[in-house]
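In what follows, a structure is listed as structure tokens, so that the remarks can point back to it.
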Amino acid sequence: MSGNSKRRIETDVMKLLMSDHEVELVEDSMQEFHVKFYGPKDTPYEGGVWRLHVELPDNYPYKSPSIGFVNKIFHPNIDIASGSICLDVINSTWSPLYDLLNIVEWMLPGLLKEPNGSDPLNNEAANLQLKDKKVYEEKVREYIDKYATKERYESQFGTPEDDEDDGDDAEMKDEDGDDDIDEPVSDLEDISDDNADPSEELSDISDIELSDED
């Protein structure tokens with residue numbers, strides 16, 4: 001791998017890691033990872049959650065990344081069995097000017113918003129999308145219910161935040177049954193819910209003192 005490719009891989013992956021997207025490196029490799037992908041709003045895919053598998057070649061960005069859907073999705077340009085994607089901008093017309101954020105935030109949402117039924121990987125989806133959009137959208141929702149709800153995603157792939165969080169945050173959210181893993185929970189909330197003494201004397205103790213007691 002050239003120095004330029006290595007630097008570009010590190011730069012693009014770090015941008016993705018520092019974004020709002022949930023990214024899991026495979027064996028700490030910046031050339032293979034998974035991304036949690038949400039169906040775009042105002043489309044039949046809204047509410048769906050998919051896991052993307054991404055591999056970057058040694059000569060990235062001069063060669064396009066390999067990207068596929070892990071859990072199933074019903075779409076004219078996505079193969080149901082393999083999850084491979086038929087999209088020119090990440091295949092034949094790829095440019096080094098693009099980066100990983102472009103793919104996750106622009107290219108893939110655009111593909112889900114505007115399928116290309118004339119160049120299908122899923123003929124059934126393409127035919128329905130072109131001839132009967134109502135049935136097509138019902139089929140999309142059926143696949144989401146079977147394979148891509150938030151609950152099914154978490155049961156199949158887990159939640160990295162919970163795995164990495166061994167402190168009181170994870171315990172408190174489990175006890176409360178709170179599914180919103182993105183909502184921050186302060187140290188004071190952790191302690192007040194789990195360990196705080198209800199007496200007035202302890203109510204004024206600082207966060208640091210409470211954390212030390214824990």
### Query
Same hydrophobic cluster for L121 and I67, using side-chain heavy-atom links shorter than 4.5 Å among ILVMFWY?
no

### D99 side, atom CG; I9 side, atom CD1 - distance, nearest 0.5 Å
13.0 Å

### Message
Treating N116 as the side-chain partner and L87 as the backbone partner, does any N or O pair qualify as donor plus acceptor under 3.5 Å?
### Response
no

### E114 side chain to G110 backbone, donor-acceptor under 3.5 Å
no

## Note on the structure
Value for NZ (K72) from OG (S82), rounded to nearest 0.5 Å, stands at 11.0 Å

### Message
Run the side-chain contact (heavy atoms from CB on, under 4.5 Å) test on M30 and M14 for me, step by step, so that the C-alpha distance in whole Å, both residues' side-chain angles and the decisive distance to 0.1 Å come before the verdict.
### Response
CA-CA 9 Å; M30 285 197 170; M14 284 305 300; 3.7 Å; yes

#### Entry: Euclidean distance, L56 CG relative to S29 OG, rounded to 0.5 Å
8.0 Å

### Task
Report yes or no: does N71 contribute a side-chain atom to a donor-acceptor pair with the main-chain N or O of Y147 at less than 3.5 Å?
yes

### Verify same cluster id: L108, Y143 (apolar side-chain graph, 4.5 Å)
yes

### Interatomic distance, Y62 atom OH to R8 atom CZ [nearest 0.5 angstrom]
8.0 Å

### Message
Below 30° counts as parallel, above 60° as perpendicular, anything between as tilted: where do the rings of W50 and F69 land?
### Response
perpendicular

#### Entry: Donor-acceptor under 3.5 Å (R152 side chain, K146 main chain)
yes

### Query
Does the side chain of F74 reach to within under 4.5 Å of the side chain of I80, using non-hydrogen atoms?
yes

### Query
What distance separates L17 CG from E22 CD, expressed to the nearest 0.5 Å?
11.5 Å

### Message
Tell me whether R141 contacts the main-chain N or O of P44 through its side chain, where contact means a donor paired with an acceptor under 3.5 Å.
### Response
yes

### Task
Check I103 against P65 and note the closest heavy-atom contact, atom names and distance.
CD1-CG, 3.5 Å

#### Entry: Contacts of F33 that satisfy ring-ring contact (aromatic ring centres under 6.0 Å, His included) - sequence neighbours left out
none

### Query
Just by distance, do the side chain of D132 and the backbone of L128 share a donor-acceptor pair under 3.5 Å?
no

#### Entry: V23 side chain near V13 side chain, heavy-atom distance below 4.5 Å
no

### Query
Cluster question for you: counting only ILVMFWY and a side-chain heavy-atom cut-off of under 4.5 Å, with indirect links fine, are L101 and L25 together?
yes

### Message
Within this structure, what is the CG-CG distance for the pair N77 and L111, rounded to the nearest 0.5 Å?
### Response
5.0 Å

#### Entry: Parallel, tilted or perpendicular, as decided by the 30° and 60° cut-offs, for the rings of W106 and Y98
tilted

### Message
Within the 4.5 Å heavy-atom criterion, are H75 and Y45 side-chain neighbours or not?
### Response
yes

### Message
So does I90 get a backbone contact from the side chain of S64, meaning a donor-acceptor N/O pair under 3.5 Å?
### Response
yes

